[in-house]
**Q** 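Have a look at this one.
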Amino acid sequence: MLEKTYNPAEVETNIYEKWEKSGAFACHPESDKDPYCIMIPPPNVTGNLHIGHALTFTIQDSLIRYQRMKGKDVLWQPGTDHAGIATQMVVERLLAKDGISRHDLGREKFIEKVWEWKAKSGGQITKQLRRLGASLDWPRERFTMDEGLCRAVRQEFVTLYKEGLVYRAKRLVNWDPKLETAISDLEVEQRETVGTMWYFNYVVENEPNRFITIATTRPETLFGDTAVAVSADDERYKDLIGKNVIIPICNRAIPIVADEHADPTKGTGAVKITPAHDFNDYEVGKRHNLPMINILDSTAHLNENTPKEYQGLTTAEAREKVLSDVKALGLYVKEEPNPMTIPYGDRSGVVIEPWLTDQWFVDAPKLAVEAIKVVEDGRMEFVPKTWEKTYFEWMRNIQPWCVSRQLWWGHQIPVWYGPDGHYFVEENVELAQAEADKYYGKHVDLVQDQDVFDTWFSSGIWPFSTLGWPDQTEELKRYYPTNVLVTAFDIIFFWVARMVMLGLHFMHDVPFKTVYIHALVRDEQGRKMSKSKGNVVDPLILADKYGVDALRFTLSAMAAQGRDVCMSESRVEGYRNFVTKIWNAARFCEMNQCVAIKGFNPKSVKEQLNKWIISKTSVAMNKVATAMDEYKFNEAAEAGYQFAWGTFCDWYLEFAKPLFNGDDESKKAETRATAAWVLDHILMMLHPIMPFVTEELWSKGNHEQMLISTPWEDLSEFVDEKAEADLDWVVGLVGAIRSLRTEMNIAPGTKIQMLLAGANDVEAKRLVQFNTLIKTLARLESAELSTKAEDAKSAAQVVYGTTAVLLPLAGFIDVAKETERLNKELEGLNKVISGLEGRLNNEAFVSKAPEKVVADQRVRLAEAKSGVIKVQEALARLKDL
RNA sequence: GGGCACAUAGCUCAGUGGUAGAGCAUCACCUUCACACGGUGGGGGUCGCAGGUUCGAACCCUGCUGUGCCCACCA
């Protein structure tokens with residue numbers, strides 16, 4: 001006997017262990033089934049499951065479970081990411097608590113500490129994935145810094161280098177002075193602020209009374225100025241071009257150059273050029289061969305290229321000092337507020353400095369060509385399609401990708417330098433040493449590049465590195481390209497684009513055929529969740545409180561395409577109730593000895609009621625399947641919910657009650673078997689979304705295998721339109737009677753008579769055939785055909801299709817109230833009629849609209865008209881009372 | 001500055017040319033022998049605004065208003 005209420009916490013752990021131990025999650029490369037593969041977007045190894053994870057992994061697990069049931073050989077590849085910057089920061093913060101910096105420890109010791117941290121907290125996220133029910137093929141779990149993947153990353157880099165797609169260059173990059181590393185454009189966050197524009201005079205060399213006024217938002221960079229640019233056409237400065245001006249404070253002479261960058265309409269039309277600290281100025285500097293003076297050290301303090309009294313100051317301190325010094329020199333003109341955006345590091349939160357350094361770059365523009373083409377020609381598609389525009393937009397404007405990071409945690413770059421700076425790009429030190437020995441003609445000591453790769457450089461090859469690449473494994477051949485990548489839009493650029501470029505380059509095929517982009521999870525008010533706002537919803541707390549199934553169902557039900565998912569606890573509660581409802585339905589079936597019969601043939605059932613529910617089951621299964629095939633998870637969830645609750649529980653089980661308790665043994669047996677069969681299929685169709693309660697209930701049934709491994713059945717052959725029409729009519733009739741009863745204020749327990757007027761042969765037959773069902777559900781003493789006009793005397797009436805439902809209630813009817821009610825009904829019907837007539841009298845509508853639509857409207861008009869007559873008759877009768 | 005979304009019931013959202021929907025909330029009645037985490041029945045919407053296309057528009061087109069996001073620029 002099932003417990004009175006379902007206790008999710010108790011069963012979830014047990015069921016998951018059972019699945020995992022049984023090997024139900026394992027892929028079978030040797031099988032002859034069609035493969036289906038999803039690569040998990042590897043979460044940060046030291047991360048914690050947040051609500052966004054819960055959504056993306058629920059979706060993936062639903063797809064995986066559905067495809068597994070559909071008979072595919074499924075691989076859901078698990079793994080975690082070393083997440084270079086994020087992880088290094090966490091460990092540095094921990095060390096800082098003891099007053100230690102990573103530099104105190106040294107690189108080797110520090111990395112040891114990170115591995116220790118990983119060993120300690122690295123299992124957290126995979127435990128949480130299990131809690132969520134994720135059916136990942138765990139024995140295949142990979143880590144972006146495990147031995148195989150390290151080898152793959154080295155090969156990736158060396159191959160790209162030898163193909164000329166990787167190069168080393170001294171360039172202006174986004175420099176994070178807190179983390180002391182270069183970061184990519186994508187890791188820079190632009191924040192809007194109101195800054196200040198300052199105007200200074202630069203005195204013209206040898207002409208003490210002449211000066212040029214420049215405008216700047218960064219006065220402190222003046223020590224790095226190497227020119228002042230004006231427009232060649234600017235009349236104000238034409239004669240100054242070629243002359244020098246003197247930088248205030250440091251009194252260095254720099255030339256005035258003509259350059260297109262200077263816009264006569266902005267500022268004063270004269271702009272100071274600081275090539276080493278501004279991306280635009282850098283381009284100007286290159287055009288005019290200007291020196292590039294770096295005035296900052298790696299922590300954004302002023303360096304030895306600035307006057308002594310400035311050295312060691314922060315940029316903010318330097319700015320104040322420059323301002324007061326310039327004012328003291330009498331060269332200050334004015335200042336005004338200036339709205340502007342300032343770059344911040346998305347991890348460190350500090351202001352990013354453009355800084356001139358040597359870095360490794362991947363020739364992304366070249367790799368992007370094919371990556372654009374595959375989406376254009378449909379070899380890869382985005383769902384929803386609208387994201388393709390975003391993808392194109394970015395790919396067509398892609399910049400070289402800086403892949404080196406001045407961090408310690410990550411894949412150290414496989415480049416070795418000789419004493420003279422000559423370098424050797426090889427997969428390991430032995431190969432590099434051999435090359436170096438050859439090159440120098442003797443043994444020399446090599447030093448490996450101190451930098452590591454951008455994390456995305458390793459996750460970019462995730463779809464094939466996890467399958468064994470560069471070895472040509474069976475798995476690689478079988479599961480690449482994968483079927484779908486599921487992710488939120490925020491990492492299309494970071495990750496998706498890189499995987500496509502690298503997948504196409506190394507595997508000569510797309511990494512996945514479909515990219516499904518789901519919504520971001522927001523709070524109830526639609527705000528982005530963030531720790532600082534304190535509106536973070538912890539999925540695990542919800543899971544503990546309401547059960548994982550309720551959480552998963554909520555996320556699926558809200559995962560409509562292209563929308564944000566707003567998480568509200570009341571929704572979770574509502575779906576927890578649904579889980580309970582299923583549980584109780586199963587309990588009810590159990591109480592009535594509804595046992596699944598092996599070899600039960602739905603085609604053999606005789607009762608129309610049973611044919612009806614079997615047909616409805618078939619339709620529901622197909623709805624769920626279609627929705628899953630189209631990534632419409634909300635529709636899949638809704639179809640299962642409506643069928644299980646709205647059809648099976650609300651109607652079928654109620655209909656079945658008298659049969660369960662009836663005397664007809666064969667009817668009883670058939671109904672019991674049917675109920676068990678339908679319940680099993682409800683468990684089946686809900687399993688991908690709510691795996692735990694369904695498996696638990698399945699395990700109590702008469703089954704040899706677990707639900708997770710049970711094939712999804714196509715039940716299309718059991719659709720029975722006749723049965724559906726019959727019972728749907730009964731359902732509608734009962735609804736009409738119930739509604740009328742309530743309006744007439746008849747106590748729910750009171751049994752009354754019902755007469756049906758105006759029924760045709762089919763309806764008359766149904767009334768007889770389903771008499772017991774109708775009486776039971778509508779709480780009637782009798783349900784019969786009306787044969788004579790007097791039946792309608794003192795009866796309350798409601799129109800149902802072309803029939804009239806009569807409840808003889810002599811003495812109970814409040815004439816005034818009933819008149820009002822009928823008039824309201826009449827009004828509604830007349831409104832419908834005038835609308836339909838207007839349409840049908842329109843020549844253009846009748847001739848141009850599809851036949852089916854026109855015919856449909858005619859039927860509705862006829863129904864409404866017969867309804868009007870019936871209501872009018874009822875009104876006339878009331879007058880006689 | 002360029003681009004992409006979005007605006008439907010009190011709330012959260014489905015609905016892409018043919019009778020405006022769901023869940024939650026709300027109201028009334030019901031402790032009926034699976035379930036009060038329940039049952040039954042209600043109420044509630046000029047589908048952001050203005051035009052246009054169409055026999056017919058929440059849906060397609062144009063403009064407007066508002067909201068969100070992305071990218072770029074910013075002396």
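Everything numeric here is computed off the predicted structure, so don't read it as measured data. A, B, ... follow the sequence lines: proteins, then strands. Residue 1 opens every chain.
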**Q** By nearest atom, which of the nucleotides B:C55, B:G38, B:U19 is closest to the A:Ala844 side chain?
**A**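 That would be B:C55.
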**Q** Is B:G45 paired to anything, Watson-Crick or G-U wobble with both distances less than 3.5 Å, and if yes, which nucleotide?
**A** none
**Q** Between B:U12 atom P and A:Ile51 atom CD1, what is the distance in whole Å?
**A**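 Answer to the nearest Å: 17 Å.
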**Q** Side chains of A:Thr226 and A:Pro275: closer than 4.5 Å at any heavy-atom pair?
**A** yes
**Q** OP1 or OP2 of B:C35 less than 4.0 angstrom from a side-chain nitrogen or oxygen of A:Asn577, does that happen here?
**A** no
**Q** Kindly point out which of B:G18, B:C37, B:A34 is positioned nearest to the side chain of A:Phe588?
**A** B:A34
**Q** Touch check for A:Gln190, heavy atoms < 4.0 angstrom, all strands: base, sugar-phosphate only, or nothing?
**A**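 Base, at least one base atom sits under 4.0 Å.
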**Q** So does A:Arg571 reach the base of B:C24 with its side chain, donor to acceptor, closer than 3.5 Å?
**A** no
**Q** Taking a pair as Watson-Crick or G-U wobble with both distances under 3.5 Å, which nucleotide is matched to B:G1?
**A**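 For B:G1, the partner nucleotide comes out as B:C71, under the 3.5 Å rule.
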**Q** Check every atom of B:G38, B:C55, B:U19 against the side chain of A:Arg860 and return the nucleotide holding the closest atom.
**A**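 The closest nucleotide is B:U19.
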**Q** Could you tell me if A:Thr274 and A:Asp225 have a donor-acceptor pair between their side chains, going purely by distance under 3.5 Å?
**A** yes
**Q** Of the nucleotides B:G18, B:C4, B:C37, which has the atom closest to the A:Thr580 side chain?
**A**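 Of the options given, the side chain of A:Thr580 lies nearest B:C37.
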**Q** Could you let me know what B:C6 is paired to, Watson-Crick or G-U wobble, both distances under 3.5 Å, or none if it's on its own?
**A**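 Checking every strand shown, B:C6 finds its partner in B:G66, with both distances under 3.5 Å.
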**Q** State which of B:C55, B:A14, B:C37 makes the closest approach to the side chain of A:Asn634.
**A** B:A14
**Q** Quick check: A:Tyr641 with A:Tyr575 (ring centres under 6.0 Å apart)?
**A**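 Yes: the rings meet the under 6.0 Å criterion.
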**Q** What's the closest nucleotide to the side chain of A:Ala849 if the choices are B:C24, B:C37, B:C55?
**A** B:C55
**Q** Does a distance-only test, which skips hydrogens and angles, find a donor-acceptor pair under 3.5 Å between the side chain of A:Thr5 and the base of B:C35?
**A**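 No such pair is found, so the answer is no.
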**Q** Is there a donor and acceptor pair, one atom on the side chain of A:Glu654 and one on the base of B:A34, closer than 3.5 Å?
**A**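 Side chain to base: pair present.
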**Q** Considering only the P atoms, how many Å lie between B:U62 and B:U67, rounded to the nearest integer?
**A**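 Nearest-Å result for B:U62 against B:U67 at atom P: 22 Å.
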**Q** Pick base, sugar-phosphate or nothing for A:Trp645, based on heavy-atom distances below 4.0 Å to the nucleic acid.
**A** sugar-phosphate
**Q** Distance check needed: B:C69 C1' versus A:Tyr391 OH, whole Å only.
**A** 21 Å
**Q** Does the A:Glu12 side chain pair with the main chain of A:Glu10, one donor and one acceptor, at a distance under 3.5 Å?
**A** no
**Q** So what does A:Asp263 hit on the nucleic acid, given a heavy-atom distance under 4.0 Å: a base, only sugar-phosphate, or nothing?
**A** base
**Q** Provide the distance between the two P atoms, one in B:G48 and one in B:U16, to the nearest whole Å.
**A**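 One P to the other, the span is 15 Å.
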**Q** Could you give the CG-to-P distance, from A:Asn745 to B:U40, as a whole number of Å?
**A** 19 Å
**Q** Would you kindly check whether a donor in the side chain of A:Lys581 faces an acceptor in the base of B:C35, or vice versa, at under 3.5 angstrom?
**A** yes
**Q** Using a cut-off of 4.0 Å on non-hydrogen atoms, how would the nucleic acid contact of A:Lys657 be classed: base, sugar-phosphate, or nothing?
**A**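 Touches a base.
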**Q** Please compare A:Tyr575 and A:Lys848 by the position of their nearest nucleotide in RNA chain B and report the one closer to 5'.
**A** A:Tyr575
**Q** Expressed as a whole number of Å, how far does the C1' atom of B:G63 sit from that of B:C71?
**A** 25 Å
**Q** What's the gap between B:U46 and B:G10 when it is taken at their P atoms, as a whole Å value?
**A**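 The same atom, P, in both gives a distance of 8 Å.
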**Q** Provide, to the nearest angstrom, the distance between the CG atom belonging to A:Leu555 and the P atom belonging to B:U12.
**A** 18 Å
**Q** Checking all strands, does A:Thr742 fall into the base, sugar-phosphate, or nothing category for heavy-atom contacts under 4.0 angstrom?
**A**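 Sugar-phosphate contact only - A:Thr742 comes under 4.0 Å of backbone atoms but never of a base.
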**Q** Quantified in whole Å, what is the C1' atom distance between nucleotide B:A25 and nucleotide B:C61?
**A**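 Their C1' atoms lie roughly 38 Å apart.
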**Q** Nearest to the A:Ser739 side chain among B:G23, B:G41, B:C70, which nucleotide is it?
**A** B:G41
**Q** Using the P atom in both, what is the distance from B:A36 to B:A22, to the nearest Å?
**A** 25 Å
**Q** Whole Å only: how far is the NZ atom of A:Lys4 from the P atom of B:C33?
**A** 10 Å
**Q** Please determine whether a side-chain nitrogen of the Lys or Arg among A:Glu827 and A:Lys824 lies less than 4.0 Å from a carboxylate oxygen of the Asp or Glu.
**A**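 Salt bridge between A:Glu827 and A:Lys824, a charged N being under 4.0 Å from a carboxylate O: no.
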**Q** Could you tell me whether A:Arg738 contacts a base, only the sugar-phosphate backbone, or nothing, with contacts defined as non-hydrogen atoms closer than 4.0 Å?
**A**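 Here A:Arg738 touches the backbone only, sparing every base.
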**Q** Nearest to the side chain of A:Tyr641, which nucleotide is it out of B:C24, B:G39, B:U32?
**A**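 The listed nucleotide nearest to A:Tyr641's side chain is B:C24.
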**Q** Measuring centre to centre across the rings, with the benzene-like ring taken for any Trp, is A:Tyr6 within less than 6.0 Å of A:Trp583?
**A**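 That pair passes the under 6.0 Å test.
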**Q** Pick base, sugar-phosphate or nothing for A:Met340, based on heavy-atom distances below 4.0 Å to the nucleic acid.
**A** base
**Q** Does the structure show a Watson-Crick or G-U wobble partner for B:A58, both distances under 3.5 Å? Name it, or say none.
**A**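 Matched B:A58 with nothing under the 3.5 Å cut-off.
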**Q** Within this structure, what is the CZ-to-P distance between A:Arg779 and B:G41, rounded to whole angstrom?
**A**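 Rounded to the whole Å, the gap is 13 Å.
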**Q** May I ask you to establish whether A:Lys581 and A:Phe648 are in a cation-pi arrangement, using a distance under 6.0 Å from NZ or CZ to the six-membered ring centre and at most 45° from the ring axis?
**A**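 No, cation not above the ring by the 6.0 Å, 45° rule.
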**Q** Counting only side-chain nitrogens and oxygens, does A:Lys389 get under 4.0 Å of the OP1 or OP2 atom of B:A5?
**A** yes
**Q** B:G44 and B:C24: how far apart are their C1' atoms, nearest whole angstrom?
**A**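 Roughly 14 Å separates the two C1' atoms.
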**Q** Consider side chain to side chain contact (heavy atoms under 4.5 Å, CB included). Of A:Tyr631, A:Trp387, A:Tyr391, which one does A:Ile517 pass it with?
**A** A:Trp387
**Q** Which of these nucleotides, B:A34, B:G18, B:C30, is closest to any side-chain atom of A:Pro748?
**A**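 Looking only at heavy atoms from C-beta outward on A:Pro748, the closest nucleotide is B:C30.
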**Q** Rounding to an integer number of Å, can you tell me how far A:Arg741 CZ sits from B:C30 P?
**A**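 Atom CZ in A:Arg741 sits about 13 Å away from atom P in B:C30.
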**Q** Specify the residue among A:Gln857 and A:Glu635 whose closest nucleotide of RNA chain B lies further upstream toward the 5′ end.
**A** A:Glu635
**Q** Select base, sugar-phosphate, or nothing to describe what A:Arg576 touches, counting heavy atoms under 4.0 Å on all strands.
**A**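 Answer is base: heavy atoms of A:Arg576 come under 4.0 Å of a base.
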**Q** In plain terms, say whether A:Lys751 and A:Glu781 are close enough for a salt bridge, that is, a side-chain N and a carboxylate O under 4.0 Å apart.
**A**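 The answer is no: the pair does not qualify as a salt bridge.
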**Q** When the P atoms of B:C11 and B:C47 are considered, how many whole Å apart are they?
**A** 16 Å
**Q** Over all strands shown, is A:Cys649 touching base, sugar-phosphate only, or nothing at heavy-atom distances under 4.0 angstrom?
**A** base
**Q** Hey, are A:Ser184 and A:Glu187 close enough side-chain-wise for a donor-acceptor pair under 3.5 Å?
**A** yes
**Q** Using a 4.0 Å heavy-atom cut-off across all strands, classify A:Thr216 as base, sugar-phosphate, or nothing.
**A** sugar-phosphate
**Q** Which nucleotide wins on minimum distance to the side chain of A:Thr341, given the candidates B:G39, B:G41, B:C73?
**A**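 Shortest atom-to-atom distance from the side chain points to B:C73.
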**Q** Expressed as a whole number of angstroms, how long is the span from A:Gln642:CD to B:G21:P?
**A** 14 Å
